[in-house]
> 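First the structure, which I've put down as structure tokens, then a few questions once you've had a look.
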Amino acid sequence: MNTKAIAGQGVDIEALRERYAHERARRIRPDGAGQYSGLAGELAEYAKDPYQPVLARAPKRDTVDMLIIGGGIGGLATAIALRKAGVRSIRIMDQAGDFGGTWYWNRYPGIRCDIESHVYMPLLEDVGTFPGWRYASGDEIRQHLVALARKYDLYDEALLHTQAIGATWTGAAWSITTDRGDVFDATYVVVSAGGVNAPKLPRIPGIGEFAGRMFHTSRWDYEFTGGDHSGGLHGLTDKSVAVVGTGATGVQVIPALAEYAKELFVFQRTPALVAPRDNRRTDKGWVKDDAPGWQRRRMENFLQITSGAKPEIDLIDDEWTRKAAFLNKQNTGTWEGDLSDPDAELAEEIADAVAMEAIRARVDDIVEDPATAEALKPWFRYFCKRPTFSDLYLPAFNRPNVTLVDTAEHGGVSRITNSGLVVGEKEYPVDLIVFATGFEVGSSSLMTGALNVVGRDGRSFLEAWANGPRTLHGYTTAGFPNLFHMSVIHTANNINFSHMLQIHAEHISNVILSAREAGAAGVEPTSAMQDAWQREIEKTARNLHDFHLACTPGYFNAEGQPTAAAITYGPGPIVLRDVLARWRQECLPDALFFV
């Protein structure tokens, strides 16, 4: 490609940059991420579990080999890897009433995974599950995770509806305390909680004054709405409903509400990037490869494509893999091409513009009212926000009972009264407010202090990380023996978060098993090891600060206030996995074990 060919795309890049900047300025708020709050204080009742009652039980006073905090995909994958290796003493703890993690909490109508289910749902072959839809429903995913927990006897020692509040190193084990009065010891602790489990609400003045029903999408009240995840919300046929939020959750839930509510108001600050879903039923012929290991091969193919590799065949062939170049830019900060750097960046920006114009043209093709269509068009770069996928969302705005309320000029909903929501000076009376406002991404209990971890010499984990994360490979920290944590910090991004968690689980379980086989008391990195890894992170980290700074506000860019801190491994998940495998082979056991 040459500069003339780039210009021939017919994109006025300067005008587009100005439009993007204008739309960003309309939505930026000085309070940044502070515009959201957790479900606490006067909103604490909205955090209650609506799906399972909290059962009384006696406090635990025992000892386990492994404590895994988090019963979602990461925790399950770690426990299963250890169980397959013969470890029996495993306890999983979770604040939820059952296994599933985010899929336990998210049961709103219309919920589905955004990654093809045959690569997203973990360990399908272990229980013989084959997803019935290309993009599985949340209920199918949750039931599969429960089946995994049952197969590997993980209910036996589980502590559900329980939060760990303290972990103190005694010199030989971790002394664990919980909000249910438990005090027990665990030799190893793995924290796999906090990716997307803490719901957030906007700090809207008057939010506690609303006299109608109000809940977050992760605490759906089917007693009020009727129906279940598949629909049938007949309790809303005489109700006026408001949805606040039009991200990935809003795009899924709004069509379901539109079908049943007497009146639906959709409060939008920033339009979503909505690509086609093209969901359909599947059978075992779908994957065209039913030999053992078929799922791992499919997962690897998806990982390779979305990480910048170029396998001979695309087994998935969906919107993710077709936009692989944009994903590579997001994951590694690079754009592959045969041009010099300035031309390559321009080529990438032009390609981005062409892709986004197609997304905006799709809005015009589907939404009948011109004003509504214009308000629904996303004016930002591809991957400024997580793409969404739906064949139902845009048509929902053609229904006479659906009204789009654009709040961009007011920075969101202005206030809430006892009877409804106010934008500017106009009030919208409603019977139900549904907050589709997402989760506090990546804020595990380790980093918030909700789990008070005290390691060697009485030093707290928050103190150790006071000047930023310090880890070896993202999993362990000097001064905190036998403690592992799962997150994107000091590891690598992966569009398929489920696969990333399985990679984490395999590494952590391999390290623990190696220590046990060597007869070592446990595992702890040296300060020199984690300092070396910090230098590697700083040397390789992707630099997307300027890209995110130009984006409309959202969780990808800390609501318009992105940090320039280096926290991820730039070469990506495939290279990182090779680094970890080589390290396990060459450095274990001598480099890490303590006696």
Side-chain angles (χ1 to χ4, degrees), residues 29 31 34-51 53-54 105-110 198-229 231-247 249-250 252-269 396 399-440:
R29 290 173 49 135
D31 51 356
Q35 67 191 272
Y36 294 104
S37 69
L39 302 186
E42 63 178 343
L43 303 174
E45 69 172 287
Y46 298 107
K48 293 178 181 177
D49 186 346
Y51 311 122
V54 178
W105 294 112
N106 278 329
R107 304 192 194 187
Y108 55 82
K200 63 183 183 183
L201 295 180
R203 296 182 188 273
I204 302 174
I207 193 170
E209 301 174 9
F210 184 60
R213 189 71 181 98
M214 181 173 74
F215 54 77
H216 189 273
T217 46
S218 67
R219 302 294 191 275
W220 199 273
D221 183 357
Y222 281 109
E223 288 189 8
F224 184 87
T225 66
D228 57 26
H229 70 278
L233 311 180
H234 296 292
L236 301 180
T237 55
D238 62 344
K239 301 290 193 302
S240 293
V241 180
V243 174
V244 178
T246 55
T249 299
Q252 292 190 356
V253 76
I254 284 165
L257 291 171
E259 185 177 353
Y260 294 97
K262 179 184 73 174
E263 192 174 27
L264 177 65
F265 297 101
V266 177
F267 291 82
Q268 168 192 276
R269 182 181 65 167
R399 291 177 173 270
N401 63 324
V402 177
T403 300
L404 179 67
V405 182
D406 186 60
T407 69
E409 296 294 345
H410 305 279
V413 175
S414 304
R415 64 184 186 277
I416 293 177
T417 69
N418 68 340
S419 58
L421 302 90
V422 177
V423 176
E425 296 302 320
K426 184 174 181 179
E427 182 171 5
Y428 299 84
V430 295
D431 304 296
L432 167 66
I433 300 175
V434 177
F435 287 101
T437 45
F439 296 85
E440 297 176 13

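In this text, all values refer to a predicted model and were calculated from it rather than measured experimentally.
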> Please identify each residue that fulfils salt bridge (Lys or Arg N to Asp or Glu O under 4.0 Å) with Asp431, with sequence neighbours left out.
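None.
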
> By side chain to side chain donor-acceptor pair (under 3.5 Å), which residues pair with Arg213, not counting sequence neighbours?
Asp221

> Are Val54 and Asp49 close enough, and set up right, to give a side-chain contact (heavy atoms from CB on, under 4.5 Å), and what steps lead you there?
CA-CA 8 Å; Val54 178; Asp49 186 346; 5.7 Å; no

> Using salt bridge (Lys or Arg N to Asp or Glu O under 4.0 Å) as the criterion, list what pairs up with Glu45, not counting sequence neighbours.
none

> Out of curiosity, Ile204 CD1 to Arg415 CZ, how far, rounded to the nearest 0.5 Å?
12.0 Å

> Considering residues at least two apart in sequence or located in another chain, which fulfil the side chain to side chain donor-acceptor pair (under 3.5 Å) criterion with Thr217?
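Result, side chain to side chain donor-acceptor pair (under 3.5 Å) vs Thr217: none returned.
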
> Mind checking the CD1-CG spacing from Ile207 to Leu201? Nearest 0.5 Å is all I need.
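Reported to 0.5 Å precision, the distance equals 5.0 Å.
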
> Give the minimum heavy-atom separation between Asp406 and Arg269, together with the two atoms involved.
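Distance-wise, the nearest heavy atoms are OD1-O, 4.3 Å.
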
> Parallel, tilted or perpendicular, judged at 30° and 60°: which one describes the rings of Tyr51 and Trp105?
tilted

> In Å, rounded to the nearest 0.5 Å, how long is the span from CZ of Arg399 to CD1 of Ile254?
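Rounded to the nearest 0.5 Å, the CZ-CD1 separation comes to 13.0 Å.
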
> side-chain contact (heavy atoms from CB on, under 4.5 Å) for Phe265 and Val423? Distances and angles first, verdict last.
CA-CA 12 Å; Phe265 297 101; Val423 176; over 6 Å; no

> Shortest non-hydrogen contact from Val244 to Thr437?
O-CG2, 3.6 Å

> Just wondering, do Tyr260 and Val241 contact through their side chains at under 4.5 Å, heavy atoms?
no

> Donor-acceptor check, side chain of Thr225 to backbone of Gly235, threshold 3.5 angstrom: yes or no?
no

> Begin from the C-alpha positions of Phe215 and Phe224 and carry the test ring pair (Phe, Tyr, Trp, His ring centres under 6.0 Å) through to its verdict.
CA-CA 11 Å; Phe215 54 77; Phe224 184 87; 7.2 Å; no

> Could you report the tightest heavy-atom contact between Asp228 and Pro109, atom names first, then the distance?
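For Asp228 versus Pro109, the nearest heavy atoms are O-CB, 3.9 Å.
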
> Would you please indicate if the ring centroids of Phe435 and Tyr46 are separated by under 6.0 Å?
no

> To check you understand the geometry: which heavy-atom pair defines the closest contact between Ala261 and Asn401, and what is its length?
O-ND2, 2.9 Å

> Could you tell me whether the side chain of Ser218 and the main chain of Asn106 form a donor-acceptor pair under 3.5 Å?
no

> Run the side chain to side chain donor-acceptor pair (under 3.5 Å) test against Arg203 and tell me which residues pass, sequence neighbours left out.
none

> Using ring centroids (six-membered ring only for Trp), state whether His216 and Tyr108 fall under 6.0 Å.
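Centroid distance Tyr108-His216: not below 6.0 Å, so no.
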
> Can you tell me how far apart CD1 (Ile433) and CG (Leu421) are? Round to the nearest 0.5 Å.
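The CD1 atom of Ile433 sits 4.0 Å away from the CG atom of Leu421.
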
> Using distance alone, with no hydrogens and no angle criterion, decide if Asn418 and Glu209 have a side-chain donor and acceptor under 3.5 Å apart.
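Distance-only check fails for Asn418 and Glu209.
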
> Considering residues at least two apart in sequence or located in another chain, which fulfil the side chain to side chain donor-acceptor pair (under 3.5 Å) criterion with Ser419?
Thr417, Glu427

> Would you name the heavy atoms of Ile416 and Phe210 that are closest together and state the gap between them?
CG2-CB, 3.9 Å

> What's the shortest heavy-atom distance between Ala258 and Ala396, and which atoms?
CB-CB, 4.1 Å

